[in-house]
Amino acid sequence: MELYLNTTSPYARVVRICAIEKQLDDVKLIWVDPWADDNALLTANPNGKIPVLVTDRGETLSESLLIASYLDGLSPTLSLLGAPNYTDVFALSGLSQGLTDAAFMTVINRKHFGKESDSTVLGVRRQNAIVRCLQRLEDRVSTDVMQSDINLGQIVTGVALSYIDFRLPELQWGESQPLLADWLTRFSERASVKETAFT
Ligand SMILES: N[C@@H](CCC(=O)N[C@@H](CS)C(=O)NCC(=O)O)C(=O)O
């Protein structure tokens with residue numbers, strides 16, 4: 001299998017952590033810049049986004065959560081979707097994917113349109129979404145889905161929070177969400193998380 005990725009994409013990092021946790025060692029990493037219209041990437045995925053997974057049978061999968069689900073089904077080792085149950089894992093994954101989307105779009109809009117993009121109607125909606133998602137996660141820290149052995153919801157959550165620390169450090173969210181900050185510290189000790197740190 002081939003995984004197209006870069007070192008700063010939160011979406012690609014989720015997939016990479018899943019592959020490591022599932023002990024799939026036959027994933028060849030293809031490093032690309034999705035913003036440079038890389039030919040190999042555009043051939044694999046015409047929408048030009050990473051992550052993209054090309055399977056051994058040549059199928060091309062996009063969308064990080066779909067790729068993660070595919071990888072989860074490849075080996076019986078450690079179900080990333082089923083523990084403690086599918087509903088809670090999907091709910092947490094969706095909540096934190098929304099946090100990643102709001103943070104990522106904030107970063108991209110600032111890059112292309114300047115910091116004033118935060119003050120547009122959509123920018124304000126993104127900032128509010130970030131604040132609400134962080135508080136919802138803080139309220140959920142003690143739930144089974146956050147505290148059980150690793151699952152996709154935790155992976156998406158840990159990556160979303162690390163991405164905010166990496167790209168939007170001024171948010172200092174740990175001050176208002178201390179339980180979540182402690183949770184991230186523990187989560188960040190996993191080998192798969194350390195190995196995939198944003199650079
Ligand atoms: N919903 C997609 C988002 C993927 C995405 O936006 N990837 C970014 C990198 S973090 C990208 O490739 N952007 C290039 C572009 O938008 O042209 C997923 O979950 O995989």
Side-chain angles (χ1 to χ4, degrees), residues 1-83 86 89-90 92-105 107-108 111-112 148-168 184 186-199:
M1 288 180 287
E2 293 181 338
L3 176 64
Y4 289 76
L5 76 172
N6 71 6
T7 57
T8 57
S9 165
Y11 305 103
R13 188 177 177 193
V14 164
V15 170
R16 210 174 148 212
I17 292 176
C18 290
I20 295 169
E21 293 290 346
K22 293 293 288 184
Q23 298 173 15
L24 300 167
D25 359 303
D26 60 334
V27 181
K28 183 176 169 200
L29 303 181
I30 315 259
W31 302 98
V32 290
D33 176 359
W35 301 100
D37 289 341
D38 180 287
N39 266 336
L41 174 62
L42 294 182
T43 303
N45 181 19
N47 82 24
K49 294 187 184 192
I50 54 169
V52 176
L53 184 83
V54 181
T55 70
D56 289 341
R57 295 203 324 211
E59 298 112 338
T60 302
L61 304 184
S62 56
E63 290 297 323
S64 52
L65 299 185
L66 297 177
I67 299 172
S69 305
Y70 172 80
L71 294 180
D72 192 54
L74 288 184
S75 89
T77 356
L78 179 72
S79 166
L80 293 175
L81 301 181
Y86 285 94
V89 172
F90 286 2
L92 181 61
S93 302
L95 170 63
S96 293
Q97 184 82 339
L99 177 59
T100 297
D101 289 344
F104 177 68
M105 289 315 292
V107 171
I108 293 304
K111 185 174 159 194
H112 291 280
S148 62
D149 198 10
I150 191 157
N151 56 50
L152 179 62
Q154 291 179 19
I155 295 171
V156 181
T157 303
V159 169
L161 297 172
S162 309
Y163 183 75
I164 291 174
D165 288 344
F166 176 57
R167 289 296 200 207
L168 305 169
L184 179 63
R186 290 194 303 279
F187 180 81
S188 302
E189 284 161 9
R190 291 190 80 92
S192 61
V193 179
K194 285 187 176 159
E195 189 180 332
T196 58
F198 291 121
T199 56

_Ring-plane angle category for Y163 and F104, please: parallel below 30°, perpendicular beyond 60°, tilted otherwise._
tilted
*Quick one: are I20 and V27 in side-chain contact, heavy atoms under 4.5 Å?*
no
*Straight-line distance of K49 NZ to W35 CH2, nearest 0.5 Å*: 7.5 Å
_Contact between L53 and Y70 at the side-chain level, heavy atoms closer than 4.5 Å - yes or no?_
yes
*For G158 against L184, the heavy-atom pair lying closest together*: O-CD1, 3.7 Å
*Smallest separation among heavy atoms of K22 and L78, with atom names*: NZ-O, 3.2 Å
_Where A40 and D38 come nearest, the two heavy atoms and their spacing_ = N-OD1, 3.0 Å
*Heavy-atom closest contact (V54 atom, Y4 atom, distance)*: CG2-CE1, 3.9 Å
*Is any side-chain heavy atom of I67 closer than 4.5 Å to a side-chain heavy atom of V14?*
no
*How many angstroms lie between atom CG of L161 and atom OG1 of T100, to the nearest 0.5 angstrom?*
8.0 Å
*Roughly how far, to the nearest 0.5 Å, is the CD atom of Q97 from the CG atom of L65?*
4.0 Å
*Between CG of L29 and CG of N6, what distance do you get to the nearest 0.5 Å?*
11.5 Å
*Does the side chain of D101 pick up a donor-acceptor pair with the side chain of Y11 at under 3.5 Å?*
yes
_Under the criterion side chain to side chain contact (heavy atoms under 4.5 Å, CB included), I'd like the reasoning laid out for L92 against V156: C-alpha separation, chi angles, the key distance, then a yes or no._
CA-CA 8 Å; L92 181 61; V156 181; over 6 Å; no
*Does F90 reach the side chain of L152, with side-chain heavy atoms less than 4.5 Å apart?*
no
*asked:* Less than 4.5 Å apart, side chain to side chain, heavy atoms only: is that true for R13 and V193?
replied: yes
_Restricting to non-hydrogen atoms, name the atom on A160 and the atom on S96 that form the minimum distance, rounded to 0.1 Å._
CB-O, 3.8 Å
_Contact between T157 and F187 at the side-chain level, heavy atoms closer than 4.5 Å - yes or no?_
no
*Decide yes or no on side chain to side chain contact (heavy atoms under 4.5 Å, CB included) for D165 and F198, but give the supporting numbers first.*
CA-CA 10 Å; D165 288 344; F198 291 121; over 6 Å; no
*To the nearest 0.5 Å, what is the distance between CD (E21) and CG (N151)?*
10.5 Å
*If you measure from CG on L71 to CG on L61, what distance do you get to the nearest 0.5 Å?*
8.0 Å
_R190/D149 ion pair, N-O < 4.0 Å_ = yes
*Provide the closest heavy-atom pair for A83 versus S148 in the form atom of the first, atom of the second, distance.*
O-OG, 4.1 Å
*Please report the C-alpha distance between I155 and I150 in whole Å, then the side-chain angles of each, then the deciding distance to 0.1 Å, and finally whether the side chain to side chain contact (heavy atoms under 4.5 Å, CB included) criterion is met.*
CA-CA 7 Å; I155 295 171; I150 191 157; 3.7 Å; yes
*Is any side-chain heavy atom of V52 closer than 4.5 Å to a side-chain heavy atom of V32?*
no
*Do L5 and V15 touch side chain to side chain, with heavy atoms closer than 4.5 Å?*
no
*Please report the C-alpha distance between V159 and T196 in whole Å, then the side-chain angles of each, then the deciding distance to 0.1 Å, and finally whether the side chain to side chain contact (heavy atoms under 4.5 Å, CB included) criterion is met.*
CA-CA 10 Å; V159 169; T196 58; over 6 Å; no
